Amino acid sequence: MVSQKKLRAWIEVLQKVYAENRQYLIDLDSAIGDADHGINMDRGFTNVQADLSKTDPPDIGAMLKTVAMTLIRTVGGAAGPLYGTFFLRASTACAGKTELQAADVVAMFEAGLAGVLQRGKAELNDKTMVDALSPALVAMKRALGNGSDFRQIIQQGAAAAEEGMKNTIPMLAKKGRASYLGERSIGHQDPGATSSYLLLKTAVDVWG
Amino acid sequence: MVSQKKLRAWIEVLQKVYAENRQYLIDLDSAIGDADHGINMDRGFTNVQADLSKTDPPDIGAMLKTVAMTLIRTVGGAAGPLYGTFFLRASTACAGKTELQAADVVAMFEAGLAGVLQRGKAELNDKTMVDALSPALVAMKRALGNGSDFRQIIQQGAAAAEEGMKNTIPMLAKKGRASYLGERSIGHQDPGATSSYLLLKTAVDVWG
Amino acid sequence: MKKLINKPEDLVPESLAGMAAAHSDLINVNYNPNYIVRADAPIQGKVGIVSGGGSGHEPMHGGLVGMGMLDAACPGEVFTSPTPDQMEAATKAVNGGAGALHIVKNYTGDVMNFEMAAELCLAEGIDVEAVVINDDVAVKDSLYTAGRRGVGITVLAEKICGAAAEQKQDLKKVADICRQVNANGRSMGMALTSCAVPSAGKPTFEIGADEMEIGIGIHGEPGRERMPLKTAREIVGIMSAAIISDLPFQSGDSVIVMVNGMGGTPLIELYLVFHELNEVCKGKGIKIVRQLIGNYITSLEMAGCSITLLKTNDELLKLWDAPVHTPALRWGV
Amino acid sequence: MKKLINKPEDLVPESLAGMAAAHSDLINVNYNPNYIVRADAPIQGKVGIVSGGGSGHEPMHGGLVGMGMLDAACPGEVFTSPTPDQMEAATKAVNGGAGALHIVKNYTGDVMNFEMAAELCLAEGIDVEAVVINDDVAVKDSLYTAGRRGVGITVLAEKICGAAAEQKQDLKKVADICRQVNANGRSMGMALTSCAVPSAGKPTFEIGADEMEIGIGIHGEPGRERMPLKTAREIVGIMSAAIISDLPFQSGDSVIVMVNGMGGTPLIELYLVFHELNEVCKGKGIKIVRQLIGNYITSLEMAGCSITLLKTNDELLKLWDAPVHTPALRWGV
Ligand SMILES: Nc1ncnc2c1ncn2[C@@H]1O[C@H](COP(=O)(O)OP(=O)(O)O)[C@@H](O)[C@H]1O
Ligand SMILES: Nc1ncnc2c1ncn2[C@@H]1O[C@H](COP(=O)(O)OP(=O)(O)O)[C@@H](O)[C@H]1O
Ligand SMILES: [Mg+2]
Ligand SMILES: [Mg+2]
Ligand SMILES: [Mg+2]
Ligand SMILES: [Mg+2]
């Protein structure tokens, strides 16, 4: 179970995580993109943090909507609409709730991923954030079905996201800026898959 | 005594000398100018060589006039009008002659230097080619007065030019591009004084 | 890499302030959300032409706002697509009742942000058509990838569509013209040096002292091939062959040409590149009827150039020649 | 340093060929001796405005030839003054019986070559006045040195004198206006990186990764002071203080301003520099009435900028606003 306070803590720690990983994400994006993914994520979550600090949303849905709108408004690039849509759909899934059970968390991620897929039209193995988010959802659903506890569910999601992120290394990019590289995109880890893994890893760290 | 053939040989060897010293003169001009003196001298004498090879001037005056006009037409910068005027005045001093006695050679340099002074309005110690040419003329006149032989006269001119060239190192430039540097021109050898020294040194090598 | 800036995060708004002060006769600048509009916007009954993209490509797009060209431009952070709220606000600001054309360069981020903006505008009852420009032959096109990048043709499309809108042609027609320009235009770029995103603080890519990148993107994205530096003649040969064979351009075609500097290449070299391109076109019977030579769609301080060819006809040429008055492009007024 | 060229020695003529092909409606190019003239030269009864200098400063001077500005430009080798035969031929080509004004930048080479050219022209019965531009406050002026360099004011003088000549003002008057512009204008430049002369093949000067050169010359000549890189605000502060205190410009003065890129600095930074300059001028009560922002008098691919201020009045402003149609500057047509 995760309270609204803990969910908020997740978002707040994400700001620190993206600030700390700014250069790492820039470097990954330099290799196969335009060297701004770390800047984008850092700017987005810094703004989220600032906007959140000014509000006291009544429920998790309202809180995630603020996150979504701020990301859409301040990130730009590919990551802005994608993570923006992720949190917008997640917020709808959490409408009116002030705490989330394990099944709610999984439903939240499921709605978020569906938004990413609809917005970006990427498929598995296109070398995008989908390659981290999608295995994470599969793992979480499996764990939920197995009757694993909350902590295990999130942990398994993060582990699958990490594996999915690493699996992007040998992939040939088919979506996003990296796709312009064709064969030359092979051998590099996708920056968006990496920021998505950090999303889940931070959930484990904060909620676990 | 120097024949027209030997005078022509001087000009022809000068082309090789400036080609060989191209980078050296560029480097000197980089320090206190715009890095083109080697390029200018090389281009000028390469063109002189090409133009001379197409003509068979009746006398030394006519030959030096071709040198002058080609330099004026193809060098540009400060060096073009200065060396152009040098050879133009030198040609007038040699009008109609097909060989030069020691006194004629000294008169030729004297006329050339007068042209440079009139065109450039530099004074001694302004850190220009005048600081090589002027001591050279003084030394040659002295040697001529002493009854030195032809070879000695030219040698002493070249030696004085070399000393004058080296003396430009501690000078503060007052004319030309180097003067923009003020104090910062101190400690560098003047490129034009260097190309003027090469003019005399080559005369020694070819005539001596 | 060294920049004439204060803080990286202030570069875009401070540069916009400079534009606002310099061109108050032509444009107005709005901050938060950031956009540039024609001083006389909105114009009743005229289709609004809106474009935008990451900053760092100046004068595109902000310098192309004005009579006969863009009604509004949305500048993002450096090399990062602007956001839907910018585009929505800009579209509203130029809406004179005849709808708006969004000219979008084909980058995932730009396309998605403009898509979200169009959804917002439609929800408010503003007619929006979006045309995605994808003229870069350096990138292999495919239904299953992000497809070709949008580069030089964007500038030409903005000029031509701007002229059509100025003549009060309707949204459908202006969008059709935009698609026609895109369909008949091809570009390719190359780089001698890297650019550096100010907030990243170091060059986007490493490149050897004797190397060049053929097919570079305007954000310093790697291109088709890294190869030893060649002469301008050989480089233009490679680029023009890729462009000409792609459409293909054929003997007898009339073309508008742009030789564009990436930001760090001096004009003297761009004219030399144009000379080489002119020789190639002459050899192939392709007639250059108009040309732009200079920095129009840049990549910060990157050295290099791009070549754009647009197969033209009487209609497009008339629109090209129509008066334009923007900070960066001006004729006929 | 990498260049888009074939052979260094062919750069100037091949680039001229590109200009000729691109702008045949405006200019004609003559080779051997090299010069660029207005397509409609000579114009009877109009003073011919002739300028020139080393190549590598494009668009100056060749890109400034056309209606309302230069009648002819003489391009030398890169960073090397053109030769008297070029200037003589160009002056003859534009002579419409009213004489010619030679606008000369104050470099020993340029001054001496133009002097020789003027002697040749006078000998042929063509009236020539020469005005030497020396606006660079970075250099200490003195009767006993080569004096200040001619930089940004050259562009403004060419525009203003071109307009006066277009109105058929006589040679004495046009030369007076030129001297007036020179007397009321001041400039200063700075560099972040070096340029490289193509035939020299390496950077003209070394500069550290955190250094800048204040007071740089347009040929990469060392400036006033090498110092650690500062913010744009501080840099504009230093440069504008030197410029403003020199004339001095005073509260209530109206000025035409040029923020000029050295060739390798992106436009987004130049607009930021203009913003800072605008703030400084506002603070001092100096009114910016017109501005040019972009690459006008460059130093190959050098990164950096220069600032030019010209104290103006109604007469000069009217001449500034008069129509001009050249490859690089165009308004009113
Ligand atoms: N169509 C898409 N669907 C899902 N994710 C995508 C898509 N396109 C790009 N991405 C993700 O976005 C990341 C890049 O984000 P970012 O660098 O912020 O944007 P941009 O590419 O516009 O600079 C990529 O690493 C990839 O994971
Ligand atoms: N007024 C002058 N009188 C005599 N020599 C001069 C004068 N001005 C410059 N010089 C000489 O010219 C040299 C520079 O020549 P060069 O580099 O070819 O021309 P530029 O300075 O135009 O690039 C200087 O080193 C100096 O010796
Ligand atoms: Mg990116
Ligand atoms: Mg020199
Ligand atoms: Mg980006
Ligand atoms: Mg020179």
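It should be emphasised that the depicted structure is a prediction, and the values quoted were computed from it without experimental measurement. Here is the naming used below: chain letters follow the sequence lines, and residue numbers restart at 1 for every chain.
Among B/K121, B/R119, B/E183, B/K174, the residue with the largest count of heavy-atom pairs under 4.5 Å with chain D is B/R119. Here D/M116 is the residue among D/R224, D/M116, D/H219, D/E115 with the most heavy-atom pairs under 4.5 Å with chain B. When each of D/N113, D/V139, D/V111, D/V78 is scored by its heavy-atom pairs under 4.5 Å with chain B, the top score falls to D/N113. Heavy-atom pairs under 4.5 Å with chain D were tallied for B/G176, B/A35, B/A178, B/S30; the largest tally goes to B/G176.
Atom NZ of B/K141 is surrounded by 12 or fewer heavy atoms from other residues, nucleotides or ligands within 6.0 Å. In D/K3, the NZ atom is crowded: over 12 heavy atoms of neighbouring residues, nucleotides or ligands sit closer than 6.0 Å. Heavy atoms of other residues, nucleotides or ligands lying less than 6.0 angstrom from NZ of D/K2 number more than 12.
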(request) Evaluate the criterion side chain to side chain contact (heavy atoms under 4.5 Å, CB included) for residue pair B/I39 and D/T80; output intermediate values, then yes/no. (result) CA-CA 10 Å; B/I39 304 167; D/T80 299; over 6 Å; no
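Proximity to chain B (any heavy atom under 4.5 Å) is shown, for D/F205, by neither the backbone nor the side chain. Using a 4.5 Å cut-off between heavy atoms, D/E77 touches chain B through its side chain atoms alone. When heavy atoms are compared at a cutoff of 4.5 Å, D/E119 approaches chain B solely by way of its side chain, counted from C-beta outward. With a 4.5 angstrom heavy-atom cutoff, B/D36 touches chain D only via side-chain atoms. The part of B/A31 that comes within reach of chain D is its backbone (N, CA, C, O), which places non-hydrogen atoms under 4.5 angstrom from that chain. Contact of B/D27 with chain D is made through the side chain alone, with heavy-atom distances under 4.5 Å. With a 4.5 angstrom heavy-atom cutoff, B/E123 does not touch chain D via any of its atoms.
At a threshold of 4.5 Å between non-hydrogen side-chain atoms, the residues D/E221 and B/L181 do not count as touching.
The side-chain contact (heavy atoms from CB on, under 4.5 Å) search around B/E163 returns B/N167, not counting sequence neighbours. D/D10 pairs by the salt bridge (Lys or Arg N to Asp or Glu O under 4.0 Å) definition with D/K7, not counting sequence neighbours.
Atom OG of residue B/S179 and atom CZ of residue D/R149 lie 9.0 Å apart, to the nearest 0.5 angstrom. Taking CG of B/D42 as the start and OG of D/S199 as the end, the distance is 9.5 Å to the nearest 0.5 Å.
Scanning residues 67-79 of chain B against chain D with a 4.5 Å heavy-atom cutoff picks out B/I72, B/R73, B/T74, B/V75, B/G76, B/G77, B/A78, ordered by number. Chain B is approached within less than 4.5 Å, heavy atom to heavy atom, by D/P82, D/T83, D/P84, D/D85 from residues 82-92 of chain D, ordered by number.
Residue D/G109 comes nearest to B/P81 through the heavy atom pair O-CG, 4.5 Å, listed as atom of the first residue, atom of the second, then distance. The two residues B/Y180 and D/G147 have their closest heavy-atom pair at CE2-O, 3.0 Å.
Without hydrogens or angle criteria, B/R184 side chain to D/G223 main chain gives a donor-acceptor distance under 3.5 Å.
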